[in-house]
**Q** 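Would you mind keeping the following structure in view while I ask a few things?
For the numbers below, each heavy atom of this structure counts, side chains included, while hydrogens, waters and symmetry mates do not. FYI, the numbering just counts along the sequence from 1.
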Amino acid sequence: MRPFPEPDPGEPALGSPGRYLLWLAAAHRASAVLAVGYGVLCTLAQAFVPAAIGRGVDRGLIAGDRGALVAWCAVVLGLGVTQAVAGTLRDRCSVTNRFGASYRTMQLVTRKAAQLGAELPRRVSAGTVVSVGATDITRIGAALESTARGGGAVVSIAVIAGVMLTVSWQLGLVALVGVPLSAAAIAALMRLLHARQHGLRKEQGALADLAVDIVDGLRVLRGIGGERVFADRYRERSQRVRHEGVRVAGVESSVAAGRLLLPGLLVTVIVWLGAHFVGTGRMSPGALVAFYGYAVFLAEQLRRATSMVDQLTRAFVAARMVTDLLAMEPGLGSGGRDLDAEGARGPLRDPGSGLEIPPGRFVAVACARPDDMRLLADRLGRYVDSDSPATLGGTPLAEFPLAEVRRRILVVDHEARLFSGGLAGQLDPHGPADGGAVGGTVGDGDGDADGGADRLRRALDTASAHDVVEALPEGLGQRITGGREFSGGQRQRLNLVRALVADPDTLVLVEPTSALDAHTEARIAERLGAHRRGRSTVVFTTSPILLDRADHVVLVEGGTVVAEGRHGELLADARYRAVVTREVTVA
């Protein structure tokens, strides 16, 4: 299948829900037009069946003309074949529209998430993103799919109403008045349904946020005995969602009842009047049969049209959530200055704190306040801007392309995650899918895989993570589900492996061994400096084991560098000793 053309995120159509839906329809113009065309042909073929049957009754059965009866039966057969073929083609185009719209929306949402990067969790809750991907995209696709049947229904209603006016203006007038009145009554319910659905969507997003928080913090909750408290909160929130769902269901039941009751009343009125006209000789029996078929057909098409409106209403609510996400712009600008090799070899400096990372050195930073670790790491990696922006070789990072800064300066913190898929691909995205391995072991590859396998094996050695891989049934070939099968310490080591394989010019690690035992931490500390020789490495930690192995140690207090030197030298400083050894000074 030909790939979809790349959507343009800058399109003005993305500015509002309605314009976005129109933009999606325009993006699938050919299949959308064909779907509606086939839908009209299918419903018109179905619509003229009652007329053909009525003619067969009058000119064949009542008149006793066998030839006419056969001819009109052939017409009915032809209309049925046309309806079947057109309906198949309509559904084919409709499914293409559905999945095409969903895929395009997923493209845009994924691209926007990647564009926002680390800003996304700060600006949008995880539950909102999950709801967009799981619910809203599906509803948008379903709405585009419904336009084929709904469009055919609208056209056929107009055509059949005209035919009824031609045969009997009284019955045609009943249809012309009854159909709009029924549609107006259902439309009023649709507006109420739209408001209720919007409220339900907000509550569902809040519930998803809470669920994500509980899953992420489940271990902590169990450690402090907070499961019951959060279970009560989740139960309360879920009851609010249930309450909103009941309110929506109440309106939906009214809409469903209206779809059955109002067209049914219209059919009853038309059939009653038609029977009266037959009794008075103003209409033939065949025409009555045709009018009954018309009335039943109109009732069905009215239900289809209102169903399309219902789908579009849901899609409008969903599109509002999507366009709100797509409207977000990155807060960090991207410069145009070339980040050449000379600039990359200069020192990385944070003027706000006075922290400076010399090229090719292993620097450990001990912070008196844990919050300073994350803040300084974000500033060094330019995940946030400050009044005194970080510089590389004396040039502010903001003047360089942001993508190039990300490639050269890698920040790994507690929120680093593994994704679902093969473990080898998670640890070395640019290497062979199986890590150049045979049977899940590292180092059995050949050709181009040798370099990647050696790089991965060396990273596993440095991170002391071979035991994690060997414990898996398929080793590096094991498919994982986002790292949930690993303990906190195992995830830390695998995240470190991935960072070492990436081999950036500057690697910034935030508490990389906080969940490890002392023996494992000591092995990592001993190997990390040698592994990163010639590259800049910054480790934010208060672990004496790591601090002792660093080339240079910096103490940060109150967001400012207050002392520098080797670990052994700084132990004479009471401030450093209090941070590293948790020594309490008694006044």
**Q** Do Ile357 and Arg361 make a side-chain contact, defined as non-hydrogen atoms from C-beta onward lying under 4.5 Å apart?
**A** no
**Q** Partners of Asp548 by salt bridge (charged side-chain N to carboxylate O under 4.0 Å, His left out), sequence neighbours excluded?
**A** none
**Q** Identify all side-chain donor-acceptor contacts of residues 492-502 below 3.5 Å with residues at least two apart in sequence or on another chain.
**A**
| from | atom 1 | to | atom 2 | distance (Å) |
| --- | --- | --- | --- | --- |
| Gln492 | OE1 | Ser514 | N | 3.3 |
| Gln492 | OE1 | Ala515 | N | 3.0 |
| Gln492 | NE2 | Glu511 | O | 3.2 |
| Gln492 | NE2 | Ser514 | OG | 2.8 |
| Arg493 | NH1 | Ser464 | O | 2.7 |
| Arg493 | NH1 | Asp467 | OD1 | 2.9 |
| Arg493 | NH1 | Asp467 | OD2 | 3.4 |
| Asn495 | OD1 | Arg498 | NH2 | 3.0 |
| Asn495 | ND2 | Ala416 | O | 3.3 |
| Asn495 | ND2 | Arg491 | O | 3.1 |
| Arg498 | NH1 | Arg417 | O | 2.9 |
| Arg498 | NH2 | Arg417 | O | 2.7 |

**Q** The criterion is side chain to side chain contact (heavy atoms under 4.5 Å, CB included); which residues satisfy it with Ala368, sequence neighbours excluded?
**A** Glu557, Val579
**Q** Determine the minimum heavy-atom distance between Pro351 and Pro389, stating which atoms define it.
**A** CD-O, 3.2 Å
**Q** Go through the structure and list residues passing side chain to side chain donor-acceptor pair (under 3.5 Å) with Glu404, not counting sequence neighbours.
**A** Arg407, Arg408
**Q** In chain order, what residues pass the side chain to side chain donor-acceptor pair (under 3.5 Å) check against Ser536, with sequence neighbours excluded?
**A** none
**Q** Do any pairs count as a ring-ring contact (aromatic ring centres under 6.0 Å, His included) and have a residue in residues 532-567, sequence neighbours left out, and if so which ones?
**A** His567-Tyr576
**Q** Partners of Arg382 by side chain to side chain contact (heavy atoms under 4.5 Å, CB included), sequence neighbours excluded?
**A** Leu332, Asp385, Leu397, Ala398, Leu402, Val405, Arg406
**Q** Among residues at least two apart in sequence or on other chains, which ones pass side chain to side chain donor-acceptor pair (under 3.5 Å) with Gln239?
**A** Arg242
**Q** Partners of Met106 by side chain to side chain contact (heavy atoms under 4.5 Å, CB included), sequence neighbours excluded?
**A** Thr110, Ile137
**Q** Can you name the residues that form a side chain to side chain contact (heavy atoms under 4.5 Å, CB included) with Leu472, not counting sequence neighbours?
**A** Leu423, Gln478, Phe486
**Q** Which residues pass the side chain to side chain donor-acceptor pair (under 3.5 Å) test with Glu399, not counting sequence neighbours?
**A** Arg337
**Q** Apply salt bridge (charged side-chain N to carboxylate O under 4.0 Å, His left out) to Arg123 and list each qualifying residue two or more places apart in sequence or on a separate chain.
**A** Glu119
